[in-house]
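Read the structure below first, then the notes.
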2 protein chains.
Amino acid sequence: MARAGLTTARLTRAGAELADELGFDHVTVTELARRFDVKVASLYSHLGGSADLRTRIALLALEELADRVAAAVAGRAGKDALVAFSDAYRDYAREHPGRFDATQLRLDADTARASAGVRHAEMMRAVLRGYHLHGDDQTHAVRLIGSVVNGYVRLEAAGGFDHSDPGSDASWARVLDAVDVALRAWPPP
Amino acid sequence: MARAGLTTARLTRAGAELADELGFDHVTVTELARRFDVKVASLYSHLGGSADLRTRIALLALEELADRVAAAVAGRAGKDALVAFSDAYRDYAREHPGRFDATQLRLDADTARASAGVRHAEMMRAVLRGYHLHGDDQTHAVRLIGSVVNGYVRLEAAGGFDHSDPGSDASWARVLDAVDVALRAWPPP
DNA sequence: TGGCAGTGCCTAAGGTGCTTAGGCAAGCAG
DNA sequence: CTGCTTGCCTAAGCACCTTAGGCACTGCCA
């Protein structure tokens, strides 16, 4: 029987596509095997199993997202950088809902440390350079931005802003305006 | 054989406890049946199945959370109300991680409309009374608060702020300070 | 170019969980 | 006390996950 040419990388990429099509929690080794027209057990030479597949998809998505964000914030500062950063996030989530969902997968400490999550944190700090926040304040601000962007994008993806006026695009712009104000007028303790 | 006294309400409550103990996505009708020392099929007279159980837990959690938030914001205004509202959210999430996770379950439109989610939205608008925001601005602000609170609480629950200084409590206070600033200095379009 | 080693994919089998159909008996109503 | 409702059961079938062990294709070396 002809070999299907399975590799860990190809399976991971196909898994990511599956996630975008069906939703991250409908990604299953069974469905993946179907796509490659191969028996399920065959995947186990390339993947550690279902959980392994999911974390590989998560790591892939984190890389992709970090690349996009890096490209977006390059050469920008201040509010310009904040908006570019946030838009990159939101756009990725809308283009790749399954992959974005994957980025929220809880990774164990070691895996997280070796992941592109680290780059995400660095880039957020880079965005804050234009706001002249330092020390603990910078960390607090990083957490604010992370919360707003993740929170907004998730609520939007969950359909929370559908069917109500004004549209989500308008709110997104105004929310980022508000965050910009908060960062510029960062309150003392 | 003695009857076990199953009811939809008891099963839902037990399911919520299961969620807090094992995590919302480890809630299974099989485990629930074990807890009641009953065969799985017996649950099907009281529950529509696994998905039904989950949405019942979600609805229960939304109610509980709305009750708490209502009690917290009663008689408060302005930043005081903002902090009380947000703390109620965060405290609930920390006491009942599984239930909180359940509140993020995507409900279909009809179910959502009949759920306590509606009360949540009303209370958020009530909090904003002290900030004198109206019309679209109020909606934008509701979305900002929703994003920050949900986002922060989720990231915290996912362990995102563990093992790094300063501690999460400090950031939480400063993030709410920043939101307060943004709401008071709400930027014009 | 032929043989052989390694490896790629397979069959087989066992586990958990979800769901439906149909049966028996416990406990209440007349 | 009889009969009926209904609460829980057995049985059976489906989907997915995982491990163990086997056959044959591919590519390397003689």
Side-chain angles (χ1 to χ4, degrees), chain A residues 1-60 98-99 101-102 104-108 111, chain B residues 1-60 98-99 101-102 104-108 111:
Chain A
M1 26 210 59
R3 306 204 163 180
L6 305 181
T7 67
T8 305
R10 282 188 67 195
L11 289 170
T12 305
R13 256 177 284 130
E17 279 157 35
L18 221 55
D20 287 335
E21 286 172 39
L22 310 178
F24 184 58
D25 34 46
H26 291 87
V27 171
T28 138
V29 287
T30 304
E31 179 61 27
L32 194 56
R34 262 196 286 274
R35 297 272 167 129
F36 281 90
D37 199 25
V38 135
K39 298 295 169 183
V40 187
S42 306
L43 304 184
Y44 280 75
S45 333
H46 306 280
L47 295 174
S50 195
D52 182 49
L53 172 62
R54 286 156 183 284
T55 90
R56 283 179 194 280
I57 295 172
L59 293 174
L60 173 70
R99 284 160 152 102
D101 243 43
Q104 319 262 324
L105 184 68
R106 191 163 186 169
L107 303 172
D108 64 85
T111 312
Chain B
M1 26 210 57
R3 306 207 165 178
L6 304 182
T7 67
T8 304
R10 283 189 66 197
L11 289 171
T12 304
R13 257 177 283 130
E17 279 157 34
L18 221 53
D20 287 336
E21 285 172 39
L22 309 178
F24 184 58
D25 32 45
H26 291 86
V27 171
T28 129
V29 287
T30 304
E31 179 61 27
L32 194 56
R34 263 197 283 274
R35 297 273 167 129
F36 281 89
D37 199 25
V38 134
K39 298 296 170 186
V40 186
S42 306
L43 305 184
Y44 281 76
S45 333
H46 306 280
L47 295 174
S50 194
D52 181 50
L53 171 61
R54 288 156 181 283
T55 91
R56 282 180 194 281
I57 295 172
L59 293 173
L60 172 69
R99 282 159 153 103
D101 242 43
Q104 319 262 322
L105 184 68
R106 188 157 189 174
L107 303 172
D108 64 85
T111 312

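Just so you know, these numbers come straight off a predicted model, no measurement behind them. Heavy atoms only: backbone and side chains are in, while hydrogens, waters and symmetry mates are out. Here is the naming used below: chain letters follow the sequence lines, and residue numbers restart at 1 for every chain.
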Discussion item. For DNA chain D, which residues of residues 45-60 of chain B approach it to below 4.0 angstrom with any heavy atom?
Written reply: Ser45(B), His46(B)
Worksheet item: Separation of Leu11(A) atom CG from dC17(D) atom C1', in whole Å?
Response: 16 Å
Practice prompt. Could you tell me the separation between the CG atom of Leu105(B) and the CD1 atom of Ile57(B), rounded to the nearest 0.5 Å?
Written response: 9.5 Å
Worksheet entry | Short side-chain N/O contact from Thr30(B) to OP1 or OP2 of dC18(C), under 4.0 Å | yes
Discussion item. Can you tell me which nucleotide in dG17(C), dC10(C), dT18(D) comes closest to the side chain of Val40(A)?
Written reply: dT18(D)
Worksheet item: Quick one: CZ on Arg99(A) to CD on Gln104(A), what's the gap to the nearest 0.5 Å?
Response: 15.5 Å
Practice prompt. Return yes if some donor-acceptor pair links the side-chain N/O of Asp101(A) with the main-chain N/O of Asp25(A) below 3.5 Å, else return no.
Written response: no
Side-chain polar contacts of residues 9-18 of chain B - donor-acceptor pairs under 3.5 angstrom, sequence neighbours left out - could you list them?
{"from": "Arg10(B)", "atom 1": "NH1", "to": "Ala4(B)", "atom 2": "O", "distance (Å)": "3.4"}
{"from": "Arg10(B)", "atom 1": "NH1", "to": "Gly5(B)", "atom 2": "O", "distance (Å)": "2.8"}
{"from": "Thr12(B)", "atom 1": "OG1", "to": "Thr8(B)", "atom 2": "O", "distance (Å)": "2.7"}

Discussion item. What's the separation between atom OG in Ser42(A) and atom CG in Leu32(A), rounded to the nearest 0.5 Å?
Written reply: 11.0 Å
Worksheet item: Counting side-chain heavy atoms from C-beta on, which of dC17(D), dC9(C), dA21(C) comes nearest to Ala41(B)?
Response: dA21(C)
Practice prompt. Look at the side-chain N and O atoms of Arg34(A) and state whether any lies under 4.0 Å from the OP1 or OP2 oxygen of dC16(D).
Written response: yes
Fill in: d(OH, Tyr44(B); P, dG22(C)) in whole Å
17 Å
Worksheet item: Would you say Asp108(A) has more than 12 foreign heavy atoms packed within less than 6.0 Å of its CG?
Response: yes
